[in-house]
There are 2 protein chains.
Amino acid sequence: MEGDGRLAAPVSGPLATSVCWLLGDAARELTQELERVLRKDDLRWRDYGVLVVLEAAGPLSQQEIGRRLSVDRSTMVHVIDVLEERGLVARARDAADRRAYSIRLTDSGRALLVDVLHPATEAVQERVLGGLAAEDRMHLNRVLAQLAAGR
Amino acid sequence: MEGDGRLAAPVSGPLATSVCWLLGDAARELTQELERVLRKDDLRWRDYGVLVVLEAAGPLSQQEIGRRLSVDRSTMVHVIDVLEERGLVARARDAADRRAYSIRLTDSGRALLVDVLHPATEAVQERVLGGLAAEDRMHLNRVLAQLAAGR
DNA sequence: CCATATCGTCAGTGTTGCTGACGATCGGAA
DNA sequence: TTCCGATCGTCAGCAACACTGACGATATGG
């Protein structure tokens, strides 16, 4: 990922009209802000992703989590290690497939998500997108969702 | 950056409604595709950025380029080294500030941009955003531009 | 003329994610 | 059942990467 702390100056000229750069910039800013907030709880974007996925989908194998976040399975090992050490998730052998773990959110993990993480990221989102009209935000959401669906 | 080749499965549930994840996913996909295309010319997203910035703004110092792309000045040294070796940009001492270089696009660099890179990235953008109605694309562009401006 | 700051450079460093192998386990075919 | 290929999690090694902190050269303000 990028260095934080540093601000990206908006690019002028023809670039400003390219969806490509605009999208990249917006995503980078949002991600940077998010990382900054999450760092207070010693978490990364990636860790937050794991918790969110588990909250949404219930217990999953390490590999399945990685698949949904574009994280390599070998990388997931350590990510889960850390999360488990902190008591946010728990490993249990999957009864149906004993090669795999069944990773689940602990109460502690769910509490962190609900009480701290979700509010914090909500705030960031609010701040970054705050300048948009409600109508535009809904539209943005709809268009992006359509983009994600059409893959 | 992320590993390429790997596909990100769309996340289901509450996440799908969060602009945050949607934006991140869209940007990641676009970036990955772009990197894949640029690799044919042995270039990275970052290199392309340098060329585009120079095309848009004219000669700049290394540090100024880095500032606009969120790239550290020490990293820029090597980026420019490679681009210069390939004859795409040229270093000249800035007459007004002899500490700094004045990096400019060569004819060769401009030609590559116009003949190869721009068409290629256009195509990617077309493919990724192709599923959207023209009206939605314009709206997306407008909203993102507004977002970039309001910083 | 001196102090401080900036530009580009470079060696060293720490982090990061991937590659490729491993044992264990699963699933299907013979 | 037995066998074979594929998959799960793990780990050591590796390669890429960007950042840190220092340096000489230069600029700028007192």
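Numbers restart at 1 for each chain; the letters A, B, ... are given by sequence-line order, proteins then strands. Please read all numbers here as calculations on a predicted model, not as lab measurements. No hydrogens, no waters, no symmetry mates; every other heavy atom, side chains included, goes into these values.
The distance between atom CZ of A/Arg46 and atom C1' of C/dT15, rounded to the nearest whole Å, is 12 Å. The distance from atom CG of A/Asp97 to atom C1' of C/dT25 is 7 Å, rounded to the nearest whole Å. One can place CG of B/Asp72 at 17 Å from P of C/dA11, the figure rounded to the nearest angstrom. What separates CD of A/Glu35 from P of C/dT15 is a distance of 15 Å, to the nearest Å. If you measure from atom CD1 of B/Ile80 to atom C1' of C/dC7, you get 13 Å, rounded to the nearest angstrom.
The backbone N or O of A/Leu117 sits less than 3.5 Å from a side-chain atom of A/Thr121, completing a donor-acceptor pair. When atom types are taken as modelled, the side chain of A/Asp25 and the backbone of A/Leu22 share no donor-acceptor pair closer than 3.5 angstrom. Listed for the A/Ser61 side chain is no donor-acceptor partner under 3.5 Å among the backbone atoms of A/Ser102.
B/Arg86 CZ: more than 12 foreign heavy atoms inside a 6.0 Å radius. By the neighbour-count criterion of 12 heavy atoms within 6.0 Å, atom CG of B/Asp115 is densely surrounded, having more than that number from other residues, nucleotides or ligands.
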Subject >> Under 4.0 Å protein heavy-atom contacts per nucleotide of nucleotides 9-14 of chain D, with B for base, S for backbone only and - for none >> reply: SBB---
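For the pair B/Glu126 and B/Arg137, the salt-bridge criterion is met [side-chain N within less than 4.0 Å of a carboxylate O].
Close to C/dT15, at under 4.0 Å from its OP1 or OP2, lies no side-chain N or O of A/Arg44.
Comparing B/Val79 and B/Ala95 by the nucleotide of DNA chain D whose heavy atom lies nearest to each, the residue mapping closer to the 5' end is B/Val79.
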